[in-house]
Structures are given as C-alpha cells and as structure tokens.
Amino acid sequence: MTLDVKLVEALEKDYTTAPITPQERVMLDYVVKLTRDATKCSKRDIERLRAAGFDDRGILQITMIAAWFNSINRVADALGVGRE
C-alpha cells in the first residue's frame with residue numbers, strides 16, 4: 001500500500017503513463033488482460049511475466065489475487081453493494 005497520493009491518482013487515470021517500474025507495468029498489463037477477458041491470457045503473457053522477474057509462485061499469486069478481486073467485485077455489483 002502506498003501513501004503517495006500522486007501515484008494513486010496517476011494509476012487511476014491511466015496506469016500505462018503512471019511512474020511505475022517496468023516490472024509493475026508488465027504485471028498490470030497482465031492483470032488488465034485477465035480482468036477484461038481471461039480466455040485471452042496465453043503462454044506469451046506468462047513468458048512476459050517471467051522475463052520481468054516473476055517466478056511461478058509470483059505469477060500464481062498475481063493471477064489468484066486479480067481473479068479473486070474480480071470475483072468479489074462482480075458479486076458486490078450483482079447484489080448492489082455500495083449502491084443506493
């Protein structure tokens with residue numbers, strides 16, 4: 001977690017132009033792809049993550065955390081959690 005408000009704002013606006021490391025960019029590219037359509041994730045994506053320095057455990061953790069958040073958010077959206 002970060003207390004860097006400017007970084008958070010930059011990430012919210014457009015993570016592709018935010019001041020993040022190349023490794024973080026590869027990770028976020030993968031997470032966005034997984035979020036939009038997980039069926040489009042491929043071996044090439046895993047290879048990019050490995051090339052960026054993530055090992056199998058890290059790749060699994062990234063995938064599971066992103067998928068879990070996607071699932072929880074969909075459940076909350078479906079049930080109207082947080083809406084009037």
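Throughout, residue positions are numbered sequentially from 1 according to the sequence presented.
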Checklist entry - If you group Ile, Leu, Val, Met, Phe, Trp and Tyr whenever their side-chain heavy atoms sit less than 4.5 Å apart, what else falls in with V81? => result V75, L79
Next on the checklist: Please enumerate all residues that pass side-chain hydrogen bond (donor to acceptor under 3.5 Å, both in side chains) together with T17, with sequence neighbours excluded.
Outcome noted: none
Next on the checklist: I need the E47 CD to D45 CG distance, nearest 0.5 Å.
Outcome noted: 9.0 Å
Checklist outcome for this item: Value for CZ (R44) from CG (L49), rounded to nearest 0.5 Å, stands at 11.5 Å
Check: residues 60-69 side-chain donor-acceptor pairs under 3.5 Å, at least two apart:
{"residue": "T63", "atom": "OG1", "partner": "Y30", "partner atom": "OH", "Å": "2.7"}
{"residue": "T63", "atom": "OG1", "partner": "I59", "partner atom": "O", "Å": "2.8"}

Checklist outcome for this item: Rounded to the nearest 0.5 Å, the NZ atom of K33 sits from the CG atom of L28 at a distance of 14.5 Å
Checklist outcome for this item: Here the salt bridge (Lys or Arg N to Asp or Glu O under 4.0 Å) pairs for residues 15-30, sequence neighbours left out, are R25-D29, D29-R48
Checklist entry - Is I20 reachable from V32 through a run of hydrophobic residues whose side-chain heavy atoms are each under 4.5 Å from the next? => result yes
Checklist entry - Once you round to the nearest 0.5 Å, how far does CG of L11 lie from OG1 of T16? => result 10.0 Å
Item to check | Residues forming a side-chain hydrogen bond (donor to acceptor under 3.5 Å, both in side chains) with S71, sequence neighbours excluded | outcome: none
Next on the checklist: So, using salt bridge (Lys or Arg N to Asp or Glu O under 4.0 Å) as the criterion, who are the partners of D56 when residues are at least two apart?
Outcome noted: R50
